[in-house]
Structure formats: C-alpha cells, structure tokens
J.: 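Sharing a structure below in structure tokens format, with a few things to ask.
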Amino acid sequence: MKEMQTTYDPKDFEDRIYEKWTEENCFRAEVDPSKIPFTVMMPPPNITGKLHMGHAMDETMQDIVIRFKRMQGYSALWLPGTDHASLATEHKIVEKLREEGTSKESLGREEFLRRAWAWKDRYGGAIVGQLKKLGCSCDWSRLAFTLDERCSKAVREAFCRLYEKGLIYRGSRIINRCPDCQTALSDEEVEHTEDAGFFWHFAYPVEGSDEKIVIATTRPETMLGDTAVAVNPSDERYKKFVGKTLILPLMGRKIPVVADEYVDPAFGTGAVKITPAHDPNDFEVGLRHDLPMINVMNDDGTMNDLCGEFAGLDRYEARKRIVEKIKESGLLVKVEPHTHNVGHCHRCHATVEPIVSKQWFVKMAPLAKPAIDAVVKNKTKFVPDRFAKIYFNWLENIRDWCISRQLWWGHRIPVWYCKCGETICSREDPVVCPVCGSHDLKQDDDCLDTWFSSALWPFSTLGWPEKTPEFNYFYPTDVLVTGYDIIPFWVMRMMFSGIEYTEKVPFHDVLIHGLVRDEQGRKMSKSLGNGVDPLEVIEKYGADSLRLSLVTGVAPGNDTRFTETKVEASRNFINKIWNASRFVLMNVDCEVPSLAQIRLQPADRWIISRLMATIREVTLSLQKYDLGIAADKLIDFAWSDFCDWYIELSKPALYGGDAEKKKSALGVLVFVLENTLKLLHPFIPFVTEEIWSFLPGERGNIISEDYPRYNTKLSYKKEAKTFEGIIDLIKTVRAMKVDVNCPPSRKVHLYLVTDQKRLVSVNKQSILRLAGASEIDFIENGDAAGGKTLSHVCEVGHLFIPLGELVDIEKEKARLSKELERVVGEIARADGKLLNKNFVSKAPKKLVDDERAKKDKYLDMKEKIERQLHLLDD
RNA sequence: GGAAGUUUAGCUCAGCCGGGAGAGCACUUGCCUUACAAGCAAGGGGUCAUAGGUUCGAACCCUAUAACUUCCACCA
C-alpha cells in the first residue's frame, strides 16, 4: 500500500485528482429517468475575465451544492459556460487594434469579427482552466458560450417572439450613450457617482425687452440645444414671462418660456433651460410642450455641425469656450461650486451623455408583472428572502430596456430594412422583401445587449427552443447562485425571460451571496490594486484551503472580508484531517471489521452518536444553503470530537496489546473517518479524494460515494450523554493540575466517590492516559483518600487528589515563597511610584495607568500565591 | 427622497423556532504527551449600539433613537 506523506501538501495531488475525475467522467450528468435531476447553471464569466475572489466564492458555493446533491443521488448537472461580453470584449480588441495602428472601421465588420473570434479562441478559455484549478465539478462536455450556435438560435427566437408580440419596438428616446465606447447603454449599465462640478448661472434675454431670465446649469454646452426655458406655473416671479420668447445667447434662437410642474421653484433660480435632446427630464417636458429636439452632439462626444463656431470641439472644450463667450457678452451671472450625481459608463467610466437616439427597446411593463408574481407566489424563492424586496423594487420601477448596442461583437439584431420601407424581423436571413420583392435588403447594424443572451442562459444552454431531452429533464433549474450586485442585470432578466418563453420560472431558488472585500473592508478593484488573485492563493495554500476559507463564518447575502489568516486557519484544519487520517491508517494492520461486527464501547457509541448528530445538522444546513453553518459544525465535529477526543480515547485499545480490542477500535475509527471525509468532500474535494484513495478495501472515488445518512439506530443519545461524564472527569483533573501548577507529565492518584463505577472502570485506561493519572480508586467518602487532598465535584461524582500527588510540598512551598517575595517587591516598587504625587500628576497618563495596572496584576498574583501557600501549610 | 443592511470578545465574524453567549485569529500559562508545533492542554476577555415595550424568559420579536455601509431615484 502507498504511504501518506507526513505533511499535507496539496500540490502533490490536486492536479492529479482533477485529471482523474475528468478521465473517469465523474462530472457528467445524464438524462436519467431513474434519478431526480438537480440543475445549476453557472453564471457565465466574461471571456475577457480572469478569475477573481468574487468568482472563487461564487463557484465554490455552487460546487459545494452540486457535489452534495450528486452524492445524494441526484442527476446533478452543473452546466458551465462563458459570456461573450459584447462591450468588454469589443473594447479590448479595439484597444489591441489601436496598438497595431489600425481600427475596427478600417478593417470592416467581417475582418473585425474574424479577429475577435481568433482572440476568443486564443484567450477566451483561460478562465475555464482557472475554474478547474478551483476544483469545479462542472459537466465540461456541455460547456456553452453565449455566442455559440445554440445560444444564437435561442436569441433570434426570443427576439422574434417579442417582436411579433409587439414587445420589442424601435424608437427615438433619451438613452445613455458612452462617448468612449461609442454605444448606447441600458440604465443598469450606468453608475452614478457624486462629482464636484459647477453651477453656471446664465441670463437669457427676453425678446423685445430689457428683462432677462436667469437659468442655472451644470452642463453649459447643452445650451446650444435649448428649445425652451421652463418655470413652475405657480411661481409668482416668473408668471409674467410664461408665453414670452427668449433669445438664446450665442445661437440667437428664439425659444419660449413654458410653465411646467416639473420645475422646483426652490432649486437653483427656479428657471430651467430645456434641452429635450440631452436630458431625460427635459425630454419629457419637450414632449408635453411639443418642443423641437435639437441634438448638438456627435457620437464621439464632440459638438456637431449645428453648433456653429463650436462645431467639432470636444464637449468639455466647448463648455469652456461657451462659458467664456457668455462671460464676454455679460450674460454670466455667477458660477458656484456644485456637487451632483454624474452617470459613468460601468465599463470605461467615461461620463455618459444622455442623448436622444433611435434604438431598440423591450417593453418592460407586461414582462415585469409575471416576474413579480412568480416571486410573490413563491415559485422562486430568494435566499435570504430579504433580496426579494430588492428584486421587487427593481421590477416595480423598471423602464423600457434599451437593447441595441452600436457594437459588432455580439448577436446582430435580426431585422432587415428594404428600400420600400418595409422592416423584416426574421428567424432566417431573408433574401427577398415580402412586400416589394426586392433583393436589396440591409440588416440592422446594431448588436444586442449582452444581457439579452444571458437572460436566456438557463434554457438556451439546454437547446431551447427545441424540446430537447435535456431541456425536458433538467429545466427548470434548481438553484441560481449569484451576488446581490447582479440581481438587476441578470436575475431579473432571466426571470421574466424564462416565464415569457418557457412559461416556467427558470429556477426555484436564488442563493444570493455578498461581495468579497479586502482586509480593510474595501471593495476589491483594479483601480485600487487591492485585489487578491485566487490563483496565487491556490498556489500557496491549495484550492481546498481557499474554498473552505471562503465559506466559513459567512452568512448568506452578507459581504465578507478576505484575509490570509483565514486561509491559513483552513489549511491548518485540513492538515489536521490529513494527520488524523494518517494516524488511523498507520494503525491498520488487519482486516477492518464493519460496525455490525463490533461490540461497541461507551466511547465508540459516543463518537458515533456525535457523528450522527453532525450528519443531521450538516445535511439540514446544506439543504437550506447555510453553507457557513454546515462548515462550522463539520469542522467542530472533526477537530474537537473526533481528533481531540475520540482518537485519544482509542489509543489505549490500539496500543494495549489486545488484538481484538484493537480491531474493534480500528473498525470505529475507519467508520467515523470515512463518514467525516464524505461530509467534508463538497467543501474540500481534493484532499478528501486523496485520503480516500489510501483507505483500506476496494473502493471507488469519494466524489461518487453516497452522502452519509442519519441512522436513528446509531444515534445513542442517552449513552452519549452518559459518556460525557468521562470527558468531564478528565477535564476536571486537567484543570485541577493546572490550578496548582502541577506539570501534566506528573501522574496523580485519583480517588472517586461515584455511583457510576462501571462506566468509569470500562474507560479506566483512557482516563488514566488523558488525565495523566496513575490509578483510580473508588472510595465511599473523602476521608478515605487520606491526608491533605484537593477535591472537585464533577458529573460522575466527587473527585479527590492527594496534594502530595500533585506537588512536592516542600519544593513547591520554597518556589512559592520565592515568587511571593518577588511579587511583594514589585508591589513596593509600583507603590513607590504611585505614592509619589509628582509622578501621578506629571507623568503621561498612560504611564500612570500602566503602573496601576501592573500593581493590580501583582496584587492579584500575591493573593493567589498566598492562597496556595496556605493550602500547603494547612 | 425611497429602500435594504450592519452594530455581539482586542480583530474578523457566526449565532436556526425566544430558553446554555460562541468560533477563528490575537493574548496568558504550561507542554516537542510515539497522527499533527500547520500541534496539545488549561485559561483570561462581552452593558450582544442606546432607550423603551411584549414575554415566565429577549442578542433574537415590536417601537423609537444613534452611527456606519450599500442600492435605487434625483434638482436643471
């Protein structure tokens, strides 16, 4: 038989074990009518992405759940995949082209896509390898990609269905545009931050009068597109101006003063410039008052040719020039600092421009309603359930979803335009216009928002819209595991998409976790450079340690801090398991009996009872997705009960020379170890698999073993409780020895008044060994112990230890006297300082406090020493 | 403006249905006890944010307050 190394070294086996699992097809989930399916769809990481701590936690949680369910006998499918990440990827490739001195425009769409695919094939798989390092047991044979043929077909089907139902429309609306990425964004893709800026007050002259209206703006450049000034209808200051005409400075355009409730008289000057083409609120005002919309910006954030002398300038340069010009013309009233919320592109963080633009939208109201109902009716449950409120909050206030992006890397919108004006939405590329018969059809240039395809993930990956056996068997999925930050982007959209297309909720449970923060509680981010690379942690401590550290002490939905200390603690625990296993194995020298063949001793029943309780608690916790609690219970059992107590308790039997007793002890040790390893496997899969391979007997892989089951016959509740008296007795003796400074190695004679002589006798060898005792005698009362004794009441009875056994009285007295002398000296020294008024009043407070603390400590020591001396003198 | 969360040991955090206040790290003391010093044993350390309320009983339920965090909306 192979030997286990003396120390746990994950590098020895993690890669090898993963290969073994792969070769033996352990992750494959089959459509198997004899089993109940359990399905988890991996949130597809971006192909541009690198595994970060957030992924590591997310994937670890999924892996724990899927391994647990697999062992429980489900046909457990964890379907992995990657996301084409339209914007992020295109951004990356455009950047690369720029470095090469070319651009996407000069390459053209076809060549650009060819390069993008080449990039994807080359680098897009990196994250897959990283997931394997982490131990993810996904069914790689089903690896999906949001831009692959299957998913693309689903996207087309979904788009066409919505289009046919009138839930997708094309229209000119205010959207968020990123001037750097040069594309429209959805509301969710815009991040708002408080930015310092200015409030510029401009005076707009009233036509045919000397009067002026002062407006305030944070974005002066948009004034070029002003088509009105609005005031509140109840505002007395401006009542007389309503209906009058203003001359827009710099442009000379005549614009009306309109009255609109939208204006807050108390804010700014109470008069608002209205730029319908560049502000969502102004857009609404514009609609109400039938104002023209004047778009003054190009797609790249420069001013367009409607801007006269400012045409071609960057928006910020134009802002500067405009302010200068206004100042020159004497219309700048004042400038004041002003912080306000500014939208930024979540990808490149450039300031987003709200702009009127013709885009494709999904009508949300009809889709949101059933998605809300499904959660209200508990068809899908959030864990923890408070996240349902966040979900409702989003869906109840949702606006139409802008789904078109001015990008090439993605699903091209399946709509074609004919010169005759016809618009054709089609599942297949059309060749001829159904109205005029023309062959001259042009496909829409835009791509769909990445999330449009992600929204279909739970079923597109299973072959929908085809009724594939996989779809029929594995869908709806069971649990979605993701962070709370992704609820609006993804969870919500999968919900309404699943319900709309498949008439079923896409998953029954949504397990929400928090963010992994850095040691100081800050978000890990590229700009801060405070991210910890999971791969480096794996390299140093192994994947199992990382995994365990990411789920212990973590409550569902709460953020957690990543600390190396925690990883170390996990590593230490695993090392403990490693060595406990090694201990058991090094004692195996015969055929190990099964539990049924063993006459169980009280200690055996106690550990088996604890094992059963642990099986029950861990199973229940995992079923509730309380991974942190499950891990804590398991660690506590394995370390405290099994290693610290049972293994020690078993040593007399192992070393005692009685072959039969040894055999029994081994049987129990192996039984408990086997079950402990199985319970631990979902959390720390590599090391448990490795240890499993060393266990005696013919066995397969632990990954394919049955999960331990609670067995009432083995619960031994009452006997276990009784046995705890022995543990209590041992702890009592140990504490008594420490109390009187008796070295643990010194064997003492125990005298016990008890009515549980049998229990104590059976466990005598263990007690002697663990308590550090030479003998136990049963007595009727304390006098029988003879001479001076220390005594203590414990669960099994009244315990007496002769003092002479604990300490060499004369020696100890001498030691204590010397110690007392020293302590008294220290007290005198402290008093010397503290009684000195100058010291107390003039020395730094900390020094004085420290001195007082020292004195208190020595006083306390003095009291204890005196008490002990008294005991010995008596 | 709306919503959610957090507040428990020195630090980081668990704590299920209302009944014993816990873990890891740190700290103190003693141990290389033939699985493990990545270890063993024994300890110290808490006004469970504050104030009320419900209850036989509250870290947990209710009300209010405070501090911090996050999300959404937003006033040009």
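Naming: A, B, ... by sequence-line order, numbering from 1 per chain.
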J.: Closest approach to the side chain of A/Arg734, judged atom by atom: which nucleotide of B/rA42, B/rU12, B/rC36 is it?
T.: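 My answer, after comparing the listed nucleotides, is B/rA42.
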J.: Partner of B/rA58 by Watson-Crick or G-U wobble geometry, both contacts under 3.5 Å, or none?
T.: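 Pair assignment: B/rA58 / none.
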J.: Looking only at the side chain of A/Asn558 (C-beta and beyond, no hydrogens), which of the listed nucleotides B/rC16, B/rA14, B/rA76 gets closest?
T.: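 So the nucleotide nearest the side chain must be B/rA14.
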J.: For B/rC17, is chi within 90° of 0 (syn) or not (anti)?
T.: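 In terms of base orientation relative to the sugar, B/rC17 is syn.
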J.: Determine which nucleotide pairs with B/rG46, using a 3.5 Å limit on both distances of a Watson-Crick or G-U wobble pair.
T.: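 Base-paired to nothing in any strand shown.
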J.: Starting the side chain at C-beta, find the nucleotide from B/rA35, B/rC13, B/rA4 nearest to A/Phe583.
T.: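 Selected nucleotide (nearest to the side chain): B/rA35.
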J.: Quantified in whole Å, what is the P atom distance between nucleotide B/rC40 and nucleotide B/rU65?
T.: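 About 49 Å, rounded to a whole number of Å.
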J.: Have a look at A/His338 and say if it touches a base, only the backbone sugar-phosphate, or nothing, with a 4.0 Å heavy-atom cut-off.
T.: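 Since only primed, P, OP1 and OP2 atoms lie under 4.0 Å of A/His338, the category is sugar-phosphate.
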J.: Taking atom P of B/rC40 as reference, at what distance in whole Å does atom NZ of A/Lys731 sit?
T.: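 Computing the A/Lys731:NZ to B/rC40:P distance gives 13 Å.
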J.: From CD1 of A/Ile577 over to P of B/rG39, roughly how many Å is that when rounded to an integer?
T.: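 Atom CD1 in A/Ile577 sits about 12 Å away from atom P in B/rG39.
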J.: Distance between the C1' atoms of B/rU8 and B/rA14, in whole angstroms?
T.: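 Straight-line distance between the two C1' atoms is 10 Å.
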J.: Could you tell me whether A/Trp200 contacts a base, only the sugar-phosphate backbone, or nothing, with contacts defined as non-hydrogen atoms closer than 4.0 Å?
T.: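 No contact.
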J.: For A/Val272, answer base if it contacts any base atom (sugar-phosphate contacts may also be present), sugar-phosphate if it contacts only those atoms, and nothing otherwise; contact means non-hydrogen atoms under 4.0 Å.
T.: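 A/Val272: base contact, heavy atoms under 4.0 Å.
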J.: Mind calculating the distance between CG (A/Asn741) and P (B/rA42) to the nearest angstrom?
T.: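 That distance rounds to 16 Å.
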J.: Indicate, with a heavy-atom threshold strictly under 4.0 Å, whether A/Asp644 touches base, sugar-phosphate, or nothing.
T.: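 Since only primed, P, OP1 and OP2 atoms lie under 4.0 Å of A/Asp644, the category is sugar-phosphate.
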J.: Rounding to a whole Å, what distance do you find between A/Lys523:NZ and B/rU70:P?
T.: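 Value for this atom pair: 9 Å.
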J.: Check this for me: does the side-chain of A/Glu648 come within 3.5 Å of the base of B/rA35 through a donor and an acceptor?
T.: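 Such a pair exists between side chain and base.
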J.: At under 4.0 Å, does any side-chain N or O of A/Lys389 touch on OP1 or OP2 of B/rC71?
T.: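 Result: no.
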J.: So what does A/Trp394 touch, heavy atoms closer than 4.0 Å: a base, only the sugar-phosphate, or nothing?
T.: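 The answer is sugar-phosphate, as A/Trp394 gets under 4.0 Å only of primed atoms, P, OP1 or OP2.
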J.: I'd like to know if A/Glu221 and A/Arg219 make a salt bridge, using a cut-off of under 4.0 Å between side-chain N and carboxylate O.
T.: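 Judged by the 4.0 Å cut-off on N to carboxylate O distance, A/Glu221 and A/Arg219 do not form a salt bridge.
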J.: Mind running side-chain hydrogen bond (donor to acceptor under 3.5 Å, both in side chains) on A/His201 and A/Thr269 for me, showing each step along the way?
T.: CA-CA 8 Å; A/His201 290 60; A/Thr269 62; 5.9 Å; no
J.: Side chain of A/Lys633 only, please: which of B/rA35, B/rC13, B/rC16 is the nearest?
T.: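 For the A/Lys633 side chain, the nearest candidate turns out to be B/rC16.
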J.: Check A/Asp260 with A/Arg288, please: is the shortest side-chain N to carboxylate O separation under 4.0 Å?
T.: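 Salt bridge between A/Arg288 and A/Asp260, a charged N being under 4.0 Å from a carboxylate O: yes.
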J.: Is it true that A/Arg571 and A/Asp544 make a salt bridge, defined as a side-chain N closer than 4.0 Å to a carboxylate O?
T.: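 Judged by the 4.0 Å cut-off on N to carboxylate O distance, A/Arg571 and A/Asp544 do not form a salt bridge.
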J.: Indicate whether any N or O donor in one side chain lies under 3.5 Å from an N or O acceptor in the other, for A/His513 and A/Asn558.
T.: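 Per modelled atom types, A/His513 and A/Asn558 side chains form no pair under 3.5 Å.
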J.: Give the nucleotide from the list B/rA4, B/rA76, B/rC16 with an atom nearest to the side chain of A/Lys624.
T.: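 Among B/rA4, B/rA76, B/rC16, the one nearest the side chain of A/Lys624 is B/rC16.
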J.: Between A/Arg493 and A/Glu188, does at least one N-O distance fall below 4.0 Å, as a salt bridge requires?
T.: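 Looking at A/Glu188 together with A/Arg493, the answer is yes, because their closest N to O distance falls below 4.0 Å.
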J.: Take A/Pro743 and A/Asn393, find for each the nucleotide of RNA chain B with the closest heavy atom, and name the residue whose nucleotide sits nearer the 5' end.
T.: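 Closest to the 5' end, via its nearest nucleotide, is A/Asn393.
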J.: Is the shortest side-chain N/O distance from A/His340 to OP1 or OP2 of B/rA76 below 4.0 Å?
T.: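 True: A/His340 side-chain N/O within range (under 4.0 Å) of B/rA76 OP1/OP2.
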J.: Please determine if a side-chain N or O atom of A/Tyr655 lies less than 4.0 Å away from the OP1 or OP2 oxygen of B/rA35.
T.: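 Yes, A/Tyr655 has a side-chain N/O under 4.0 Å of OP1/OP2 on B/rA35.
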J.: Using a heavy-atom cut-off of 4.0 Å across all strands, would you classify A/Gly553 as base, sugar-phosphate, or nothing?
T.: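 Contact class for A/Gly553: sugar-phosphate only.
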J.: What is the nucleic acid contact for A/Glu519, judged by heavy atoms within less than 4.0 Å: base, sugar-phosphate only, or nothing?
T.: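 Answer is nothing: A/Glu519 stays at 4.0 Å or more from every strand.
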J.: For B/rC61 versus B/rA23, give the span between their P atoms, rounded off to a whole number of Å.
T.: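 To the nearest whole Å, 23 Å.
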J.: Please work out if A/Thr218 contacts a base, only the sugar-phosphate, or nothing of the nucleic acid, heavy-atom cut-off 4.0 Å.
T.: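 It contacts sugar-phosphate atoms only.
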J.: Indicate, yes or no, whether a donor-acceptor pair under 3.5 Å links the base of B/rA38 to the side chain of A/Arg571.
T.: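 Between B/rA38 and A/Arg571, which were checked side chain against base, a qualifying N/O pair under 3.5 Å is present.
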J.: Could you tell me the separation between the CG atom of A/Asp485 and the P atom of B/rA3, rounded to a whole number of Å?
T.: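 Roughly 23 Å, once rounded to whole Å.
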J.: Partner lookup for B/rG18, please. Criteria are Watson-Crick or G-U wobble with both distances under 3.5 angstrom; report none if nothing qualifies.
T.: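 Across all strands, not a single nucleotide pairs with B/rG18.
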J.: Which nucleotide in the list B/rG15, B/rC36, B/rA4 gets nearest to the side chain of A/Arg386?
T.: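 Nearest listed nucleotide: B/rA4.
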J.: Which part of the nucleic acid does A/Lys747 contact within heavy-atom distance under 4.0 Å: base, sugar-phosphate only, or nothing?
T.: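 Touches nothing.
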J.: Could you give the CE-to-P distance, from A/Met492 to B/rC72, as a whole number of Å?
T.: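 A/Met492 atom CE is separated from B/rC72 atom P by 12 Å.
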J.: According to the Watson-Crick and G-U wobble definitions, with both distances under 3.5 Å, which nucleotide is paired to B/rU33?
T.: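 Check on B/rU33: unpaired, no WC or wobble geometry under 3.5 Å.
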J.: Tell me whether the count of non-hydrogen atoms from other residues, nucleotides or ligands lying under 6.0 Å of CD in A/Glu724 goes above 12.
T.: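 For A/Glu724, atom CD is crowded (more than 12 foreign heavy atoms under 6.0 Å).
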J.: Which of the following nucleotides, B/rA76, B/rG43, B/rG24, is nearest to the side chain of A/Ala569?
T.: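 For A/Ala569, the side-chain atoms sit closest to B/rG24.
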J.: Both distances under 3.5 Å, Watson-Crick or G-U wobble: report the partner of B/rC68, or none.
T.: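 Pairing partner: B/rG5.
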J.: For RNA chain B, whose closest nucleotide is more 5', that of A/Glu188 or that of A/Tyr8?
T.: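 The residue mapped nearer the 5' terminus is A/Tyr8.
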J.: Output yes when A/Lys11 and A/Asp9 qualify as a salt bridge under the 4.0 Å nitrogen-oxygen rule, no when they do not.
T.: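 Salt bridge absent between A/Lys11 and A/Asp9.
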J.: Classify A/Asp632 by what it touches in the nucleic acid, base, sugar-phosphate, or nothing, heavy-atom distance under 4.0 Å.
T.: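 A/Asp632: backbone/sugar contact only, no base atoms under 4.0 Å.
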J.: Does A/Arg219 make a side-chain N or O approach to OP1 or OP2 of B/rA76 shorter than 4.0 Å?
T.: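 Negative; the distance criterion is not met.
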J.: Determine the interatomic distance between C1' on B/rC13 and the same-named atom on B/rC71; round to the nearest Å.
T.: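 Going atom to atom, C1' in each nucleotide, I get 23 Å.
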J.: Would you mind pulling out the nucleotide paired to B/rU12, Watson-Crick or G-U wobble, both distances under 3.5 Å?
T.: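 Base-paired to B/rA23.
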J.: Quantified in whole Å, what is the P atom distance between nucleotide B/rU28 and nucleotide B/rC68?
T.: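 Straight-line distance between the two P atoms is 35 Å.
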J.: Given the C1' atoms of B/rG46 and B/rG30, what is the spacing between them in whole Å?
T.: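 26 Å, rounded to whole Å.
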J.: Quick one: A/Trp639 CH2 to B/rA41 P, roughly how many Å, whole number?
T.: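 That distance rounds to 10 Å.
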J.: As a test of reading the structure: which of B/rA4, B/rA14, B/rA73 is closest to the side chain of A/Ala555, going by heavy atoms?
T.: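 For the A/Ala555 side chain, the nearest candidate turns out to be B/rA14.
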J.: Does the structure show a Watson-Crick or G-U wobble partner for B/rA38, both distances under 3.5 Å? Name it, or say none.
T.: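 Across any shown strand, B/rA38 pairs with none.
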J.: Looking only at side-chain atoms of A/Asn572, point me to the closest of B/rC36, B/rU70, B/rG39.
T.: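 The answer is B/rG39.
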J.: Angle class for the A/His338/A/His340 ring planes (parallel below 30°, perpendicular above 60°, tilted otherwise)?
T.: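 Rings of A/His338 and A/His340: tilted, 30 to 60°.
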J.: Taking atom P in both B/rC48 and B/rG10, what distance in whole Å separates the two?
T.: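 One P to the other, the span is 12 Å.
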J.: Roughly how far apart, to the nearest Å, are B/rU54 and B/rA58 at atom P?
T.: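 Approximately 11 Å lies between the P atom of B/rU54 and that of B/rA58.
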J.: Between A/Trp692 and A/Phe686, is the ring centroid distance below 6.0 Å?
T.: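 That pair fails the under 6.0 Å test.
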J.: If I take atom NZ in residue A/Lys273 and atom P in nucleotide B/rA76, what distance separates them, rounded to the nearest angstrom?
T.: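 Going from NZ in A/Lys273 over to P in B/rA76 covers 11 Å.
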J.: A/Leu620 near the nucleic acid: base, sugar-phosphate alone, or nothing, with a heavy-atom cut-off under 4.0 Å?
T.: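 Touches nothing.
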